[in-house]
Amino acid sequence: MKTTLPRKTGIREIGAGVWNLGPGRDPFGGPTRPDLPILQRLPLLAKAGITYVEFHDVELPFDQIPRAQQIMRDHGLKCGMYTPSFFADPIFKDGAMTSHDPKIRKLALENACSAVDATILLGAKVMVFWNGREGFDFVLAKNGQESFRRMVDGFNAVGRYAVKKYGRRAPRFAIEPKPNEPRANMYLSNVGEVLYLISRLDPKLQPLFGLNPETAHSRMAGLDYLWDVEMCLEAGKLFHIHLNAQDTTRYDQDLPFGYTEPLKDLALCVVLQDAKWPGILAFDVKAPRTDRQEDITDILTTSTANLKRLWSKALKVDRRQIAAYRTRGNFTALAGYLARCLY
Ligand code: GCO
Ligand code: MN
């Protein structure tokens with residue numbers, strides 16, 4: 001059964017990445033489950049209530065798109081977003097757009113342009129750029145100012161390609177910040193940095209570029225994800241969103257949405273409802289390696305149940321009460337009110 005969110009503006013169904021259902025590999029050990037072929041993951045996603053699937057180019061290469069579309073049709077799935085991997089292939093070990101090697105930068109651009117074609121073919125409205133390996137582990141390993149200009153040039157080139165080839169049908173590009181992992185320090189590490197980068201793009205292309213903030217990525221940096229999302233909304237740049245949870249500032253955990261900070265997640269739902277945000281709420285979670293194959297979608301069904309519950313509770317939050325607490329400066333009482341709504 002498809003999960004839908006009551007009274008949501010725009011798209012009410014949920015999204016998730018095919019990579020969410022991996023074989024349980026981590027940096028310390030190999031897989032604990034069979035590595036299900038990507039196309040076989042599609043029925044599982046559908047069964048878990050997901051409607052909008054997301055793919056990297058390495059997961060769904062061009063020649064497999066027709067087969068994937070067939071399966072997606074059979075299971076009522078649509079493509080929510082597509083994204084070029086600038087991190088998996090060893091060739092991108094030191095970045096793609098910011099690589100020192102002009103041949104690698106050229107390859108990155110070619111991959112990004114084919115990803116635009118794939119996004120269009122799959123009927124997705126958004127293509128994501130995750131910063132992946134754009135960054136550095138050692139100071140002075142790259143010239144930061146030059147790297148920044150390379151990203152500006154790279155994004156401009158992709159934007160120009162999309163507009164020239166598809167005109168008004170061009171996808172929108174959502175850049176996803178992350179502070180670290182896999183690099184010690186990543187470029188485009190937070191929402192503010194991405195907004196600044198967008199402000200430096202060709203003004204004609206700027207409307208095509210926005211963000212895909214991920215709650216856990218803000219948390220890893222010790223930042224408040226609600227404020228990060230509000231900043232995107234204020235700028236008119238919330239193009240996509242990745243929801244999950246994270247236990248404080250440490251390695252990227254991709255825990256089920258709603259698990260670690262339900263009160264903040266409730267507030268996030270309130271903000272998205274009030275903004276009438278029409279986009280896809282998508283999970284970027286990771287089936288933990290301790291889960292058996294037959295339980296692999298528990299991470300999705302748990303995230304979905306939490307989201308549905310918090311969304312419904314958020315609909316009932318009395319906005320006039322919040323306004324009154326704000327006006328009176330009763331912020332602790334406001335926190336108490338939110339907790340009453342939650343528990
Ligand atoms: C991560 C990222 C990725 C991206 C994905 C889409 O691993 O930290 O969240 O999962 O979202 O690569 O580009
Ligand atoms: Mn993500």
Side-chain angles (χ1 to χ4, degrees), residues 14-27 38 41 45 50 52-60 79-89 92 95-97 108 111-112 114-116 118-119 122 124-135 151 154-155 158 171-191 194 209-221 223 225 228-229 232 238-247 249-257 279-289 299-300 303:
I14 313 287
V18 287
W19 66 90
N20 291 196
L21 305 181
R25 212 179 270 118
D26 75 11
I38 295 298
R41 298 182 195 183
L45 287 158
I50 300 300
Y52 286 94
V53 276
E54 311 190 340
F55 304 93
H56 293 93
D57 54 0
V58 289
E59 292 158 339
L60 185 64
C79 182
M81 71 88 156
Y82 191 83
T83 175
S85 160
F86 281 178
F87 55 95
D89 194 312
F92 296 129
M97 285 183 187
N111 286 3
S114 330
V116 172
T119 306
L122 283 159
K125 303 274 181 283
V126 172
M127 178 167 132
V128 163
F129 279 103
W130 172 52
N131 50 6
R133 294 189 193 270
E134 309 291 14
M151 288 190 288
F155 287 122
V158 182
R172 297 203 298 173
F173 301 106
I175 301 173
E176 178 176 335
K178 186 175 179 181
N180 56 271
E181 204 185 63
R183 304 314 296 269
N185 303 280
M186 317 241 288
Y187 298 136
L188 307 178
S189 62
N190 58 60
V191 166
V194 174
F209 285 84
L211 281 99
N212 175 31
E214 175 167 322
T215 45
H217 292 179
S218 300
R219 205 70 192 80
M220 285 169 70
L223 297 172
Y225 52 81
D228 273 353
V229 169
C232 294
L238 188 65
F239 283 11
H240 198 69
I241 192 166
H242 270 172
L243 300 177
N244 48 12
Q246 169 78 16
D247 250 334
T249 51
R250 52 174 75 173
Y251 69 95
D252 190 10
Q253 296 180 299
D254 295 329
L255 296 168
F257 177 72
I280 303 168
L281 294 176
F283 298 129
D284 190 353
V285 289
K286 186 176 179 182
R289 76 198 301 272
I299 186 101
L300 294 175
S303 298

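Counting starts at 1 for both ligands and their atoms, in listed order. Just so you know, these numbers use all the heavy atoms, side chains as well, and skip hydrogens, waters and symmetry mates. Computed from a predicted structure; not experimentally measured.
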| request: Quickly, which of Y187, F129, F173 forms a ring pair (Phe, Tyr, Trp, His ring centres under 6.0 Å) with F155? Name it, please. | output: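 For F155, the ring pair (Phe, Tyr, Trp, His ring centres under 6.0 Å) check succeeds only for F129.
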
For [atom], what's the nearest protein heavy atom and its distance?
atom                   : result
atom 8 (O) of ligand 1 : K178 NZ, 2.7 Å
atom 5 (C) of ligand 1 : H56 NE2, 3.2 Å
atom 1 (C) of ligand 1 : W130 CZ2, 3.5 Å

| request: Looking only at distances, please establish whether an N/O atom of ligand 1 is found under 3.5 Å from an N/O atom of N212. | output: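 No.
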
Inter-residue atom distance [X].[atom1] - [Y].[atom2], 0.5 Å rounding:
X    : Y    : atom1 : atom2 : value
K178 : M220 : NZ    : CE    : 5.0 Å
L243 : I280 : CG    : CD1   : 12.0 Å
N20  : K286 : CG    : NZ    : 10.5 Å

Could you list the atoms of ligand 1 found under 4.0 angstrom from a heavy atom of [X]?
X    : answer
V128 : 13 (O)
T83  : 6 (C), 13 (O)
H217 : 1 (C), 2 (C), 8 (O), 9 (O)
H242 : 11 (O)

| Polar contact flag, side-chain donor to acceptor under 3.5 angstrom, N212-W130 |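 No.
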
| query | Side chains of D57 and S85: donor-acceptor distance under 3.5 Å anywhere? | reply |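 Judged by distance alone, the side chains do not pair up.
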
| Ignoring hydrogens and geometry, is there a side-chain-to-backbone donor-acceptor pair from R25 to G22 under 3.5 Å? |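 It does not hold such a pair.
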
| task | Report the angle formed at the Mn ion (ligand 2) by atom OE1 of E214 and atom OE2 of E176, rounding to the nearest 10°. | result |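 Between OE1 of E214 and OE2 of E176, the angle at the Mn ion (ligand 2) is about 90°.
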
| query | Has H217 got an N, O or S atom lying less than 2.8 Å from the Mn ion (ligand 2)? | reply |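 Within the cut-off used here (under 2.8 Å), H217 places no N, O or S atom near the Mn ion (ligand 2).
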
| query | Closest heavy-atom contact between R133 and P182? | reply |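 R133 and P182 have their closest heavy atoms at NH1-CB, 3.4 Å.
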
| task | Compute the centroid of each ring, for F87 and then for F92, and state whether the two points are separated by less than 6.0 Å. | result |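 Centroid separation for F87 and F92: 6.0 Å or greater.
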
| Closest N/O/S atom of H242 to the Mn ion (ligand 2), by atom name? |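 The closest N, O or S atom of H242 to the Mn ion (ligand 2) is ND1.
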
| query | Of all N, O or S atoms in D284, which has the smallest distance to the Mn ion (ligand 2)? | reply |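 When I compare the N, O and S atoms of D284, OD2 is nearest to the Mn ion (ligand 2).
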
| request: Could you tell me whether F129 approaches ligand 1 through its side chain, its backbone, both or neither, with non-hydrogen atoms closer than 4.0 Å? | output: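 None of F129 does.
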
| request: Name the option, out of D284, V58, D252, D254, that contains the heavy atom nearest to atom 3 (C) of ligand 1. | output: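 The residue whose heavy atom sits nearest atom 3 (C) of ligand 1 is D284.
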
